[in-house]
Amino acid sequence: MLAVRNKRKTMPARKKSAKKDEAALAKQGGKFAVVGVSNTLIDFTIFQVVTTLLGVPPAQSYMVKFFSGSVAMINSFYWNRRWTFKSNAGLAQSGVKFLAATLVSVWAIQPGMVFLFSGTGPGVAFGAFWFHCFQVIGVAGLLPNTITYNWMIKTVAFGMGVVGSAIWNFTLYKLWAFKV
């Protein structure tokens, strides 16, 4: 009688390692997203409240972004260092690197994107498009004193800044600021 061999296919160690690395990166990306959402809520709330209370016109709203982004940056450092990247690097070392990476994001990329999409340039048409869409489907009419043309321009511009900075931040945090 012939013995039947186990013909179970085994995955080479290299492929197993790659899948494990991909899963770890996906988990880390998910944590980064959760921290990012909390940062964005903090940033967006401060941005909208200050620009609304002070009556800041859209073309100057990028200036408020410096303040609101700085507050969110403190939240970001704490949670990304402690939870997302679980860094054991020295507090001062990771803090300086985080600050350098984030300041470019918060004080250059985000205000630049807000300026591009809320100033008088061609980017403002993107926010105007979304305001028009909200009017056509009736969403703007549900909250006419909130969902205004200026609010939509500022909100879309803010969102574009978030997208640009998220790509920058994850890359630099992972490969530089919190690398052990």
Side-chain angles (χ1 to χ4, degrees), residues 11-51 56 58-119 121-124 126-127 130 152-180:
M11 190 180 299
R14 187 177 49 202
K15 284 187 179 180
K16 284 182 184 177
S17 176
K19 287 201 179 276
K20 185 178 178 183
D21 291 345
E22 288 172 10
L25 183 62
K27 182 177 179 182
Q28 198 172 49
K31 287 181 176 183
F32 180 79
V34 169
V35 172
V37 167
S38 73
N39 296 335
T40 302
L41 289 173
I42 291 166
D43 193 353
F44 182 74
T45 301
I46 293 170
F47 178 78
Q48 286 294 348
V49 167
V50 171
T51 59
V56 178
Q60 281 81 42
S61 62
Y62 71 94
M63 293 184 292
V64 176
K65 192 71 184 75
F66 290 108
F67 173 69
S68 63
S70 296
V71 174
M73 185 171 40
I74 294 166
N75 182 68
S76 178
F77 177 73
Y78 178 81
W79 288 108
N80 277 312
R81 183 175 191 277
R82 183 175 196 95
W83 184 56
T84 305
F85 298 101
K86 296 181 182 176
S87 179
N88 291 327
L91 184 62
Q93 179 186 5
S94 61
V96 168
K97 288 178 177 181
F98 172 87
L99 190 60
T102 307
L103 286 179
V104 170
S105 174
V106 171
W107 290 354
I109 294 171
Q110 289 185 10
M113 296 292 280
V114 169
F115 177 76
L116 179 67
F117 284 91
S118 68
V124 76
F126 191 57
W130 284 107
M152 186 60 73
I153 296 295
K154 292 186 292 185
T155 301
V156 168
F158 183 95
M160 297 307 291
V162 168
V163 169
S165 68
I167 295 166
W168 169 269
N169 286 344
F170 184 80
T171 304
L172 265 67
Y173 294 171
K174 177 159 185 62
L175 300 177
W176 185 56
F178 297 120
K179 186 171 181 146
V180 180

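These numbers were taken from a predicted model, which means no experiment stands behind them. Numbers here are sequence positions counted from 1.
Among all heavy-atom pairs drawn from Trp176 and Ala100, the shortest one is CH2-CB, 4.0 Å. Contact record, Ser38 with Asn75: OG-ND2, 3.1 Å, taken as the closest heavy-atom pair. Shown here for Leu172 and Ala101, the closest heavy-atom pair between the two residues is CD2-CB, 3.7 Å. The two residues Val106 and Phe66 come nearest to each other via the heavy atoms CG1-O, 4.4 Å.
When the side-chain contact (heavy atoms from CB on, under 4.5 Å) test is applied to Val71, the partners found at least two apart in sequence or on another chain are Ile42, Ile46, Phe67. Shown here are the side-chain hydrogen bond (donor to acceptor under 3.5 Å, both in side chains) partners of Thr51, two or more places apart in sequence or in another chain: Lys154. Applying the side-chain contact (heavy atoms from CB on, under 4.5 Å) test to Val49 and every residue at least two apart in sequence or in another chain returns Thr45, Leu53. With sequence neighbours excluded, the residues satisfying side-chain hydrogen bond (donor to acceptor under 3.5 Å, both in side chains) with Ser70 are Trp107. In this structure Phe47 satisfies the ring pair (Phe, Tyr, Trp, His ring centres under 6.0 Å) test together with Phe158, sequence neighbours excluded. With sequence neighbours excluded, the residues forming a side-chain hydrogen bond (donor to acceptor under 3.5 Å, both in side chains) with Tyr173 are Thr102, listed by chain and number. For Ser61, there are no side-chain hydrogen bond (donor to acceptor under 3.5 Å, both in side chains) partners at least two apart in sequence or on another chain.
With a 4.5 Å cut-off on side-chain heavy atoms, Val35 and Tyr78 do not count as touching.
Sorted by first and then second residue, the pairs that involve residues 160-172 and meet side chain to side chain donor-acceptor pair (under 3.5 Å), not counting sequence neighbours, are Ser105-Asn169, Gln110-Ser165. Evaluation of the salt bridge (charged side-chain N to carboxylate O under 4.0 Å, His left out) test over residues 96-106, restricted to residues two or more places apart or in two chains, returns none. Screening residues 99-118 for salt bridge (charged side-chain N to carboxylate O under 4.0 Å, His left out) gives no qualifying pairs among residues at least two apart or on separate chains. A side chain to side chain donor-acceptor pair (under 3.5 Å) check over residues 24-37, counting only residues at least two apart or in different chains, returns the pairs Gln28-Lys174. Sorted by first and then second residue, the pairs that involve residues 33-48 and meet salt bridge (charged side-chain N to carboxylate O under 4.0 Å, His left out), not counting sequence neighbours, are Asp43-Lys65.
Relative orientation of the Phe170 and Phe85 rings is tilted, given thresholds of 30° and 60° on the angle between their planes. Using cut-offs of 30° and 60° for the angle between ring planes, the Phe178 and Phe98 rings count as tilted.
Side chains of Thr155 and Gln48: a donor on one and an acceptor on the other come within 3.5 Å.
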For a side chain to side chain contact (heavy atoms under 4.5 Å, CB included) check, start with the C-alpha distance between Asn39 and Phe77, then their side-chain angles and the critical distance, and finish with the verdict.
CA-CA 10 Å; Asn39 296 335; Phe77 177 73; over 6 Å; no
Side chain to side chain contact (heavy atoms under 4.5 Å, CB included) between Val162 and Met113: does it pass, once the steps are laid out?
CA-CA 9 Å; Val162 168; Met113 296 292 280; over 6 Å; no
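When atom types are taken as modelled, the side chain of Ser76 and the backbone of Ala72 share no donor-acceptor pair closer than 3.5 angstrom. At distances below 3.5 Å, not a single donor-acceptor pair connects side-chain atoms of Arg81 with backbone N or O atoms of Ala177.
Summarising the geometry, atom OG belonging to Ser118 is positioned 14.0 Å from atom CE belonging to Met152; distances are rounded to the nearest 0.5 Å.
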